[in-house]
Protein chains: 2
Amino acid sequence: MSKKNILRYIILGLLDKKELTGYDITKIFEQEIGEFWKAKHSQIYPELKKLEEDQFISYKMETVGSKLEKKCYTIREEGKRELEEWISEPTRELLANKDEFILKLYFIREEKDERINKMFEEQILMHEEKLEHLRLRKQIVFKTNQEKELNYGHYLILDHAINREEGYLLWLKEQQNNLQKS
Amino acid sequence: MSKKNILRYIILGLLDKKELTGYDITKIFEQEIGEFWKAKHSQIYPELKKLEEDQFISYKMETVGSKLEKKCYTIREEGKRELEEWISEPTRELLANKDEFILKLYFIREEKDERINKMFEEQILMHEEKLEHLRLRKQIVFKTNQEKELNYGHYLILDHAINREEGYLLWLKEQQNNLQKS
DNA sequence: CGAAACATGTAAGAAGTTACATGATTAC
DNA sequence: GTAATCATGTAACTTCTTACATGTTTCG
């Protein structure tokens with residue numbers, strides 16, 4: 001019974017906040033919510049078209065400069081209902097958390113494998129970089145407490161992403177430490 | 001440049017440990033590695049066929065009872081090389097961690113939204129159940145230290161999954177607590 | 001004897017990625 | 001002027017899920 005096509009709901013959720021173009025939505029995926037869902041413009045534009053056909057959203061054309069046209073999408077009442085339904089419905093499935101690195105570890109069966117240390121080093125660097133980047137964003141976006149209250153959802157997901165990276169890093173370092181002792 | 005079709009490498013990795021049927025592999029996805037990659041039998045059987053055609057693996061038929069036939073696959077030298085290449089190559093991309101619940105939170109912009117408490121309750125229950133299940137598995141599979149040494153990869157991914165769930169739960173409870181204070 | 005587990009496949013469709021395709025505007 | 005960014009779309013392909021399809025063996 002669980003709802004599909006989550007991309008639809010994400011787009012509706014974004015438009016519920018403010019009117020956006022397909023390009024804007026693409027940028028939001030790259031920045032704010034990319035930690036928890038990814039979508040390319042080639043998926044976003046057709047989905048916007050379908051949502052418009054289904055009367056969940058509508059758009060008006062705006063002109064930038066003298067020629068460039070853009071479609072500013074807004075959510076309709078039907079779209080808002082659809083969105084509320086999705087949010088209110090229990091989230092029963094925990095979706096796949098694909099992790100290529102962890103799988104590689106799984107196939108290394110000996111603690112003494114030479115490659116394992118280098119692999120940990122690489123991953124630690126990657127996750128440290130990501131964590132640094134997330135922390136910087138949090139600092140920039142939520143300078144004051146007011147900004148946190150005004151955009152609680154955004155605050156929560158950024159905080160969760162930071163928490164996740166911190167946990168991952170701690171685990172990596174702990175395992176690396178265990179290796180060096182043995 | 002990053003390698004694709006990770007399912008191939010996972011299957012090769014599994015066969016590198018011991019010979020398996022398509023059914024065995026399906027079960028392993030449901031149990032051991034489902035936390036980090038999912039695949040249904042409808043994806044596994046065609047992939048086994050392709051791997052065999054590409055000469056990375058081979059199979060021999062075995063009969064169960066008097067009629068039921070099964071294909072026992074083993075990895076070939078070419079397959080081992082392919083697998084080693086994948087493992088040794090740096091894992092540069094961090095794949096999508098889709099999380100429907102976190103996205104729903106993102107779209108709730110007010111801390112005072114009535115639904116938010118119920119949503120946290122549900123998620124906490126789900127993750128507690130999952131954590132319990134993982135801990136039980138660790139207890140059963142790794143009773144002795146010898147078992148850990150003999151199957152270090154398996155130990156690592158189980159430990160990582162537990163760690164991940166613990167972190168998620170702590171975050172959920174912390175946020176829930178914050179809500180009740182305000 | 002009946003249900004659960006074993007065992008293998010294919011077909012249709014949804015979801016997601018990469019590449020193709022084009023052009024305008026802005027900032028340096 | 002030129003590179004980065006803004007802006008929108010489609011085509012081809014891969015990946016993944018759901019459903020279809022069938023039959024055997026084992027356990028209680």
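Numbered from 1 within each chain, the chains take letters A, B, ... in sequence-line order.
Between K67(A) and dT25(C), a side-chain N or O to OP1/OP2 separation shorter than 4.0 Å is absent. OP1 or OP2 of dG9(D) sits under 4.0 Å from a side-chain N or O of K71(A). Phosphate contact (OP1/OP2 of dT8(C), side-chain N/O of T21(B), threshold under 4.0 Å): present. For the pair K98(A) and dC16(D), the criterion of a side-chain N or O lying under 4.0 Å from OP1 or OP2 is met. An OP1 or OP2 oxygen of dT8(C) is reached within less than 4.0 angstrom by no side-chain nitrogen or oxygen of Y23(B). The side chain of K70(B) contributes no N or O atom lying less than 4.0 Å from OP1 or OP2 of dT8(C). In terms of phosphate contacts, K4(B) brings no side-chain nitrogen or oxygen within less than 4.0 Å of OP1 or OP2 of dC13(D).
Between E52(B) and K49(B), none of the side-chain N atoms (NZ, or NE/NH1/NH2) sits under 4.0 Å from a carboxylate O, so this pair counts as no salt bridge. Taking a cutoff of 4.0 Å between a charged side-chain nitrogen and a carboxylate oxygen, K130(B) and E35(B) qualify as a salt bridge. Ion pairing of E89(A) with K104(B) is absent here, as no side-chain N (NZ or NE/NH1/NH2) approaches a carboxylate O to less than 4.0 Å.
Under the ring pair (Phe, Tyr, Trp, His ring centres under 6.0 Å) criterion, F29(B) pairs with no residue, sequence neighbours left out.
Counting only N and O atoms by type, the side chains of E166(A) and W171(B) include no donor and acceptor under 3.5 Å apart. The closest side-chain donor-acceptor pair between E174(B) and N163(A), if any, does not fall under 3.5 angstrom.
Both P46(A) and V64(A) lie close to DNA chain D; mapped to their nearest nucleotides by heavy-atom distance, the more 5′-ward contact belongs to V64(A). Between S66(A) and T26(B), the residue whose closest nucleotide on DNA chain C is further toward the 5' end is T26(B).
Axis angle, first five pairs versus last five pairs of the helix from dC1(C)-dG28(D) to dC28(C)-dG1(D): 40°, rounded to 10°.
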